[in-house]
Amino acid sequence: MKLTIIGCTGSFAGPDSPASCYLVSGEDAEGRTWRVLLDMGNGALGVLQRHLDLHDIDAVLVSHLHPDHCIDLAGLHVAVKWDPRGWGGVRIPLWAPSGIHEYLSNTHGLPLEPGMHGEFEFHAWVPEEPVRIGPFTVTPYLVQHPTPEPYALRIDYDGVLGPSTLTYSGDTDACDALVRAARDADVFLCEAAYHEGRDDALRGIHLTGRRAAEAARDAGAGKLLLTHLPVWNSPALALEEAGEVFEGPIGLAEPAHTYRIVRHSSGRPAAAVGP
């Protein structure tokens, strides 16, 4: 399984990165490569096209309905609906919280019928009910964030090179469900939008580097990859906070970088490969 960072800036697009969007890819037993997107925040659609043809998207998985995680799906709707070359009659499978169709239809002032049903095949997450997409099994976990149905997503890969697990926190504060989602994950892609001290009064919204590391430690994750840092955050401070708690490898998600996620006998994932 490979993880490519399309966008990783927290809360809104920054000068160097779109908001949240991650490309997960992997081959199945027949050698077909599957490409799945985790979230599609503002600015992601343009950058995404540097990495793949939009026709090659096999599914989009949305963690929650905030613009920095899903608003560029409104642009993807346009790309599908109005491409003069056609789209081959295939709708893009879209897994998301239950209000996604109304949310997206409102961005274009569309009536709910037909809304965007012609472009997307809508599916609503059911907490902790696994979904199979090619070689990936995706399990959503309800976490803690001020929006209806915020999810962390656990992606278990069963591919030709052996199994591996990626957990994506979405947006959340510390909670038991986050630890369960990340249990023994090879890579834990986890938000760290807040700093210790500065944001202590803000709870139930985001994690700090320290709280992300505590979740990774408690889950027994192999590697912690911090993401969703707003432009006003210090990446060095986020790493420092995390390093005080988590003894495994810690890194920062970097735009355009690809990380190979492999389960080793040590439980540690492989190092990143280049952009």
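Index from 1, following the sequence. Note that this is a predicted model, so its numbers are computed, not measured.
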Between Leu73, Leu65, Val62, which is the residue that forms a side chain to side chain contact (heavy atoms under 4.5 Å, CB included) with Leu104? Leu73
Evaluation steps, side chain to side chain contact (heavy atoms under 4.5 Å, CB included), between His77 and Thr107: CA-CA 11 Å; His77 150 78; Thr107 64; over 6 Å; no
Got a donor-acceptor contact below 3.5 angstrom from the Arg210 side chain to the Ala212 backbone? no
Pairing donors with acceptors under 3.5 angstrom, does anything connect the side chains of Ser63 and Asp39? yes
Only one of Thr167, Thr165, Thr137 passes side-chain hydrogen bond (donor to acceptor under 3.5 Å, both in side chains) with Asp156; say which it is. Thr165
Arg91 side chain vs His117 backbone, donor-acceptor pair below 3.5 Å: yes
If you compare all heavy atoms of Pro230 against all heavy atoms of His228, which two are closest, and at what distance to 0.1 Å? CD-O, 3.4 Å
Is there a donor-acceptor contact under 3.5 Å linking the side chains of Thr227 and Tyr22? yes
Angle class for the Tyr194/His206 ring planes (parallel below 30°, perpendicular above 60°, tilted otherwise)? perpendicular
Heavy atoms of Ser20 and Tyr168 approach each other most closely as CB-OH, 3.9 Å
Donor-acceptor pair, Gln49 side chain versus Leu45 backbone, under 3.5 Å? yes
According to a hydrophobic-cluster definition based on side-chain heavy atoms being under 4.5 Å apart (Ile, Leu, Val, Met, Phe, Trp, Tyr only), do Leu224 and Val245 belong together? no
When rounded to the nearest 0.5 angstrom, what distance separates NE2 in His69 from CE in Met40? 14.0 Å
Treating Arg154 as the side-chain partner and Ala181 as the backbone partner, does any N or O pair qualify as donor plus acceptor under 3.5 Å? yes
Flag if over 12 foreign heavy atoms under 6.0 Å of CG, Asn106: yes
Phe122, Leu153: one ILVMFWY side-chain cluster at the under-4.5 Å cut-off? no
Quick one: does Glu254's side chain get under 4.5 Å of Ile5's, heavy atoms only? no
Asp171-His66 side chain donor-acceptor pair, cut-off 3.5 Å: no
Evaluate the criterion side chain to side chain contact (heavy atoms under 4.5 Å, CB included) for residue pair Trp95 and Ile100; output intermediate values, then yes/no. CA-CA 9 Å; Trp95 294 89; Ile100 185 68; over 6 Å; no
Smallest heavy-atom separation, Ala182 atom then Ala221 atom, equals O-CB, 4.3 Å
Where is the tightest heavy-atom contact between Thr33 and Ser25, given as atom of each residue plus distance? CG2-CB, 4.4 Å
For Leu61 and Val131, what are the C-alpha separation, side-chain angles and deciding distance, and is it a side chain to side chain contact (heavy atoms under 4.5 Å, CB included)? CA-CA 11 Å; Leu61 316 178; Val131 172; over 6 Å; no
Shared ILVMFWY cluster between Leu229 and Leu239, side chains joined below 4.5 angstrom? yes
Pairwise side-chain contact, His108 with Val78, heavy-atom cut-off 4.5 Å (strictly under): yes
Can you confirm whether Val138 sits close enough to Trp125 that some side-chain heavy atom of one is under 4.5 Å from a side-chain heavy atom of the other? yes
Got a salt bridge between Arg211 and Asp199, using NZ or NE/NH1/NH2 to carboxylate O under 4.0 Å? no
Just by distance, with hydrogens left out, do Thr208 and Glu196 show a side-chain donor and acceptor under 3.5 Å apart? yes
Can you find a pair of side-chain heavy atoms, one from Asp58 and one from Arg32, that are under 4.5 Å apart? yes
Nearest 0.5 Å, what's the CG-OG distance between Leu207 and Ser169? 6.5 Å
Once rounded to the nearest 0.5 Å, what's the spacing between atom CD1 of Ile250 and atom CD of Glu241? 11.0 Å
So does Thr139 get a backbone contact from the side chain of Tyr151, meaning a donor-acceptor N/O pair under 3.5 Å? no
Val262 side chain near Asp186 side chain, heavy-atom distance below 4.5 Å: no
Is the backbone of Gln144 close enough, under 3.5 Å, to the side chain of Thr172 for a donor and an acceptor to pair up by distance? yes
Contact summary for Cys70 and Tyr103, nearest pair of heavy atoms: SG-CE2, 3.6 Å
Are Ile261 and Leu37 linked, directly or through other ILVMFWY residues, by side chains that come within less than 4.5 angstrom of each other? no
May I ask you to check whether over 12 heavy atoms, not counting those of Glu121, lie within 6.0 Å of atom CD? yes
Do the side chain of His145 and the main chain of Ile205 share a donor and acceptor less than 3.5 angstrom apart? yes
Nearest-0.5 Å distance, CG of residue Leu178 to CD of residue Glu191: 8.5 Å
Among the clusters formed by ILVMFWY side chains lying less than 4.5 Å apart, do Phe120 and Trp34 turn up in the same one? no
Side chain Arg198, main chain Asn233, donor-acceptor under 3.5 Å: no
Backbone N or O of Ala124 within a donor-acceptor pair of the Ser98 side chain at under 3.5 Å? no
In Å and rounded to the nearest 0.5 Å, what is the CE to CD1 distance from Met116 to Ile92? 11.5 Å
Before we go on, tell me: are the rings of Phe12 and Trp232 under 6.0 Å apart, centre to centre? yes
So, Asp218 side chain and Ala215 main chain: donor-acceptor pair closer than 3.5 Å or not? no
So how far is it from Arg183 CZ to Phe188 CZ, rounded to the nearest 0.5 Å? 11.0 Å
For Asp72 and Cys21, run side chain to side chain contact (heavy atoms under 4.5 Å, CB included): C-alpha distance rounded to whole Å, both residues' side-chain angles, the deciding distance at 0.1 Å, then the answer. CA-CA 10 Å; Asp72 267 25; Cys21 184; over 6 Å; no
So, for Gly204 and Pro146, which heavy atoms are closest and what is the spacing to 0.1 Å? O-CD, 3.5 Å
Among Leu76, Leu94, Val36, side chain to side chain contact (heavy atoms under 4.5 Å, CB included) partner for Ile57: Leu76
